[in-house]
Protein chains: 2
Amino acid sequence: MTRRPPRPRERGIPEATVARLPLYLRALQALDERGTPTVSSEELASVAGVNSAKLRKDLSHLGSYGTRGVGYDVEYLIYQISRELGLTQDWSVAIVGVGNLGRALANYGGFGTRGFRIAALLDADPAVVGDAVAGLRVGHIDSLEEVVAREHVSIGVIATPAAAAQGVCDRFVGAGVTSVLNFAPVVLNVPDGVDVRKVDLSIELQILAFHEQRKADGRGGPEWIEALEA
Amino acid sequence: MTRRPPRPRERGIPEATVARLPLYLRALQALDERGTPTVSSEELASVAGVNSAKLRKDLSHLGSYGTRGVGYDVEYLIYQISRELGLTQDWSVAIVGVGNLGRALANYGGFGTRGFRIAALLDADPAVVGDAVAGLRVGHIDSLEEVVAREHVSIGVIATPAAAAQGVCDRFVGAGVTSVLNFAPVVLNVPDGVDVRKVDLSIELQILAFHEQRKADGRGGPEWIEALEA
DNA sequence: ACGCCCTTGTGAATGTATGCACAAAGTGGG
DNA sequence: CCCACTTTGTGCATACATTCACAAGGGCGT
């Protein structure tokens, strides 16, 4: 294992890198809309709010898509990152739980523009079923399996109250969904091969509270270094 | 610097640990409500969805609050984690942007129960200002500085469209807020000493899409190890 | 009072991520 | 055609995180 053939990426992109690719993608799209044809790692890093060395190492995991002395071609890099993230194909998403959060998700513009199609909105509450939200009719949760099959849903979004989340998750998994995005404040149990990501509003606040307290404690303390995450 | 006095925690809890403490806290509260008096690291880890060695190391950063041979006292540990996170004091939160997301946040029960008080809801849209949401009257964005001072707001939540986010952030910072939770899909620029955490719906979906694609690509591929994050 | 069993707390090993600093590689001017 | 300048891509050092494996310590039965 000494020479690497001109094969671009070989499998195995670090998780930390994957988590930053969407950030780069967004920064690049902003540059593209402004008509910028090429960008250096320094500039792009600054827009994305990261260190330029990190950016270059991240991009190097996808392949050598830059030009030394020049930088990166914005459109080409957008394409490469999109492809790597799997955004060149369409993904069907089903959202379960049409409360305020579910509505916010359904109306969130960022989805449709990036290869995600909301295939269905489902809820258990008869008072909500039948409503029109974001141009879709809300269906009943009982049709989950049918909808997943018909619409080829591969990503399930859970925006229900905590108590209902595990049940919905089980039904998603049972119907063949292998990626779940969970907004309910519970730890979901899933079999191997199923990815779960969670977004938890109150956890983020608690982390902020911790740092905030540290800043206040520090009155009179010796050092004061504050780690920042952008 | 050789001997450590019996002082429990000395400053400097790893960031990764801090991010998990809220998870443990929630698991403990669930156990407490069920009347469980003590819990072993194995059990608690299982409920929280992490490895038990990791749990023990995390807790060891706070001090030695367990009893060998027995486990942890649930109530005592709840108190210790709460104190460490700064949840034994009250934090005032202001939410800017009262769209669907802002409403979802305002109505989210998990806040009030854990030391977070929603001090104000603000919006720029005259059609929304004056509405009652979650028992509060929506104020105008122009009163931001006044509200922050009067209510001692220390955490600002941004739930506005992307274009407005940086401006709101600047006003928060100018008013003295040093912790910001950002839901808008932009990278915020803040001076040193200000913490920003972001929650980005579309980034999470893109990460899922990446892994989903990998699973599909893998048809015929040799290995199949899937990293999971719960 | 003693010894067995259980579970914590932690040293050490491994794995992963970050950031510096520079050689390699491309551009453009003369 | 060559040289000076710019910017990438990466080897290396360091820092951070995870996991194993076990000694230290506490409870409980006899």
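Since this is a predicted model, take the numbers as computed values, not measurements. Letters go in sequence order (proteins before strands), and every chain restarts at 1.
- A centroid separation of 6.0 Å or more is found between the aromatic rings of B/Tyr65 and B/Tyr72.
- Paired with A/Ile81 under the rule side chain to side chain contact (heavy atoms under 4.5 Å, CB included), one option of A/Asp58, A/Leu28, A/Leu87 passes, and it is A/Leu28.
- Protein chain A contacts DNA chain C over a range whose 5' and 3' limits, counting nucleotides with an atom under 4.0 angstrom from a non-hydrogen atom, are C/dA17 to C/dT27.
- Rounded to a whole Å, the CG atom of A/Leu62 is 14 Å from the P atom of D/dT8.
- For the side chain to side chain contact (heavy atoms under 4.5 Å, CB included) with A/Arg214, the lone residue among B/Ile13, B/Asp195, B/Val18 that qualifies is B/Ile13.
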Side-chain polar contacts of residues 33-40 of chain B - donor-acceptor pairs under 3.5 angstrom, sequence neighbours left out - could you list them?
unit_1  : atom_1 : unit_2  : atom_2 : d
B/Thr36 : OG1    : B/Leu31 : O      : 3.2
B/Ser40 : OG     : B/Glu42 : N      : 3.4
B/Ser40 : OG     : B/Glu43 : N      : 3.2
B/Ser40 : OG     : B/Glu43 : OE1    : 3.3

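- Every residue two or more places apart in sequence or in another chain was checked for a salt bridge (charged side-chain N to carboxylate O under 4.0 Å, His left out) with B/Glu75, and none qualifies.
- Of the candidates B/Leu77, B/Ile78, B/Val50, B/Tyr24 forms a side chain to side chain contact (heavy atoms under 4.5 Å, CB included) with just one, namely B/Val50.
- As rounded to whole Å, 14 Å separates atom C1' of D/dG9 from atom CD of A/Glu42.
- In terms of modelled atom types and a separation under 3.5 Å, the side chain of A/Asp200 and the main chain of A/Glu204 share no donor-acceptor contact.
- Protein atom CG of B/Leu55 is 12 Å distant from nucleotide atom P of D/dT19, rounded to whole Å.
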Using a 3.5 Å cut-off and no angle test, enumerate the donor-acceptor pairs between side-chain atoms of residues 156-165 of chain A and protein atoms at least two apart in sequence or in another chain.
none

Please list each protein N or O that sits under 3.5 Å from an N or O in nucleotides 23-30 of chain D, with the distance.
unit_1 : atom_1 : unit_2  : atom_2 : d
D/dA24 : N3     : B/Arg68 : NH1    : 2.5

Scan nucleotides 12-18 of chain D against the protein and return all N/O pairs shorter than 3.5 Å with their distances rounded to 0.1 Å.
unit_1 : atom_1 : unit_2  : atom_2 : d
D/dC12 : N4     : A/Lys57 : NZ     : 3.2
D/dT18 : OP1    : B/Arg20 : NH1    : 3.2
D/dT18 : OP2    : B/Arg20 : NH1    : 3.2
D/dT18 : OP2    : B/Arg20 : NH2    : 2.8

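- Put simply, the side chain of B/Gln213 reaches to within 4.5 Å of the side chain of A/Trp91, judged on heavy atoms.
- A/Gln206 CD to A/Leu201 CG: the interatomic distance, rounded to the nearest 0.5 Å, is 11.0 Å.
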